[in-house]
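Here the structure is laid out as structure tokens; the discussion comes afterwards.
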Amino acid sequence: MRSGRCSRQRNRSKKKFSVSHASRQEYVQLKKWMNSLDNKCNIDLEPCEFIETGRGLRTNKAIHKGEIIVSIPECALITPDTVFTSDIGQVLKECVPPLTPQRVLSVFLVWEVEKGATSFWYPYIQTLPPTFSTPLYFTRQELARLPPNVYLKSNTEQTRVQDIFENIRTFLRKHCSDYDIFTYEKFRWAWCVVNTRSVYVKTLESPYLSKTDRETNVALAPYLDLLNHSAEAKIEARLNGESGRYEIVTGDSYQKYDQVFIHYNPHSNDELFIEYGFTLPANPFNVYEFTADDLEILRSSVSNWDRKMDIIADMKLKNDLTCSIDEMSWNLHTLLRITAMSCEELQRWSAVYMGEVSQENEVKTRNFAKVLIKMALVKNQKYLVSERDTLSEHEALALTLVQDKQHILEQMLNGLLN
């Protein structure tokens, strides 16, 4: 298994600097295996190594908007139904409370890897990356390089997945004689495979499944998961009920030898890093996230502080306190308008909440924004380092997130000053 799509920074580029991996044994075996499942598999896209993005898929012919770029049979998907018809699936059916789809697939992968070449899924497993660059693989020292808000979320994710593992292992210890093969290192790898490479496939309600907001309907899709993400790619992914195939239709056009992309969701680099382990240069969805504690720097300049904080809390404005390179989120902008209210405006605060503000309020709001951003620049500065060559791969990835923050704050401040 070789390093996969989560080990490199991403860029939406159609440059044709790539090296074909189509003749590599693991991809030859994968394609042969998939054709044995269904000789109508549309897997003409060729695995390649790209300079900007690492491993991905390129097309060997022109592709037009509206074309199906990948089509694989439903039987090639690893779904919870796949798991529950397996040997370990019979054990997982006994789990109370039921496991989520993501947890079920993760346990299944650990067991299938242990089977080696005897596993039905071995040709697919051989193409999976051996490691990932998500926060689950960061050491404490590497985590400390992350911007504070990303550090907190990453640390929380490490704890969450560790707890999930402990709970599943406790269950398996009681119900499975081979539970000792279920180690945290193996589970972490399987969890990252599912988290970074799965597709959304709606499953039927099952008494053996639980679903949370974060771990809902997922499936693993061999070959398809070699496609890289782009913020600009336009696609439609679907399980075609008539043909019984999982298909991806592109809304873009590609020339011969272009890299072909899919689109996960409009994620910032913080989200891409935490969920998938990579960042995008010039990601249009990047934001800087302030916390409620950051507002304390304004306290000495704000009259009727407690009353205004009560209004802010009542209106639930302490979430999504973000800014991009050219604008503040509605929550942040409205929150600052409330802190900038005069005594007269405080009497009619609901009008200010709806955007009816005086010129004096706007000026004060901008000044408060400048104070917040300057403070954030000072905090962010200590995470910047110049000796990139001495950093580990994970530390270098953390640095890109810090540089993202610096760029957003500098651009936003310049806009407020002009």
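We number each residue from 1, following the sequence as shown.
- With rounding to the nearest 0.5 angstrom, the OH atom of Y151 is 4.5 Å from the CZ atom of R140.
- H229 is listed as a side-chain neighbour of L280, based on a closest heavy-atom distance under 4.5 Å.
- Inspection of the D163 and T159 side chains reveals no N or O donor paired with an N or O acceptor under 3.5 Å.
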V91/F171 under side chain to side chain contact (heavy atoms under 4.5 Å, CB included): CA gap, chis, key distance, verdict: CA-CA 10 Å; V91 175; F171 164 78; 4.0 Å; yes
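- Looking at every heavy atom in both residues, I78 comes nearest to L105 through O-CD2, 3.5 Å.
- Using a distance-only test at 3.5 Å, with no hydrogens or angles considered, a donor-acceptor pair links the side chain of K308 to the main chain of T339.
- Taking each heavy atom of G415 and R366 in turn, the nearest pair found is O-NH2, 3.6 Å.
- A distance-only check finds a donor-acceptor pair linking the side chain of K405 to the backbone of V287 [under 3.5 Å].
- The closest side-chain donor-acceptor pair between E26 and T127, if any, does not fall under 3.5 angstrom.
- Salt bridge present: K153 and E289 bring a charged side-chain N and a carboxylate O closer than 4.0 Å.
- Taking all atoms of both residues into account, the shortest heavy-atom contact from Y383 to L146 is CE2-O, 3.4 Å.
- Rounding to the nearest 0.5 Å gives a distance of 8.5 Å between CG of D270 and OG of S154.
- No side-chain N or O of R160 forms a donor-acceptor pair with one of N155 less than 3.5 Å apart.
- Here the shortest heavy-atom pairing between K61 and T59 reads O-OG1, 2.6 Å.
- To the nearest 0.5 Å, atoms CZ (F290) and CG (L295) are separated by 9.5 Å.
- Here OG of S86 is found 10.5 Å from CH2 of W111. Values are rounded to the nearest 0.5 Å.
- A distance-only check finds a donor-acceptor pair linking the side chain of E142 to the backbone of T139 [under 3.5 Å].
- In terms of modelled atom types and a separation under 3.5 Å, the side chain of H21 and the main chain of C48 share no donor-acceptor contact.
- Looking only at distances, a side-chain donor or acceptor of S133 sits under 3.5 Å from a matching main-chain atom of G277.
- Between the side chain of N265 and the backbone N or O of H267, no donor-acceptor pair lies under 3.5 Å.
- The aromatic rings of F182 and F165 lie parallel to each other, with less than 30° between the two planes, well short of the 60° mark.
- Judged purely by distance below 3.5 Å, without hydrogens or angles, the side chains of S329 and N331 never pair a donor atom with an acceptor atom.
- Residues N195 and Y276 share a closest heavy-atom pair of O-CE2, 3.7 Å.
- Counting only residues at least two apart or on different chains, the salt bridge (Lys or Arg N to Asp or Glu O under 4.0 Å) pairs with a member in residues 336-358 are R337-E362.
- Counting non-hydrogen atoms of other residues, nucleotides and ligands closer than 6.0 Å to CD of E360 gives a total of 12 or fewer.
- With sequence neighbours excluded, no residue forms a side-chain contact (heavy atoms from CB on, under 4.5 Å) with L152.
- Remark: the backbone N or O of S268 is paired with a side-chain donor or acceptor of E271 at under 3.5 angstrom.
- With respect to E247 and R238, a salt bridge is recorded, a charged nitrogen being found less than 4.0 Å from a carboxylate O.
- Separation of the F273 and F278 ring centroids does not fall under the 6.0 Å cut-off.
- Residues T250 and E67 have side chains that never bring a donor and an acceptor to within less than 3.5 angstrom of each other.
- Judged by distance alone, the side chains of E275 and T196 never bring a donor and an acceptor atom under 3.5 Å apart.
- Residues S210 and P98 share a closest heavy-atom pair of CB-O, 3.3 Å.
- The salt bridge (Lys or Arg N to Asp or Glu O under 4.0 Å) analysis of residues 167-176, with sequence neighbours excluded, yields no pairs.
- In the displayed structure, K65 atom NZ is contacted under 6.0 Å by at most 12 heavy atoms of other residues, nucleotides or ligands.
- Expressed to the nearest 0.5 Å, how far CG of L321 lies from CG of L332 amounts to 5.5 Å.
- Under a 3.5 Å cut-off, the side chain of Q158 and the backbone N or O of F138 do form a donor-acceptor pair.
- The closest side-chain donor-acceptor pair between D81 and Y208, if any, does not fall under 3.5 angstrom.
- Here the side chain of Y353 pairs no donor or acceptor atom with the backbone of L335 at under 3.5 angstrom.
- At least one donor-acceptor pair under 3.5 Å links the side chain of N228 to the backbone N or O of R55.
- Between atom CH2 of residue W330 and atom CG of residue L317 there is a gap of 5.5 Å, rounded to the nearest 0.5 Å.
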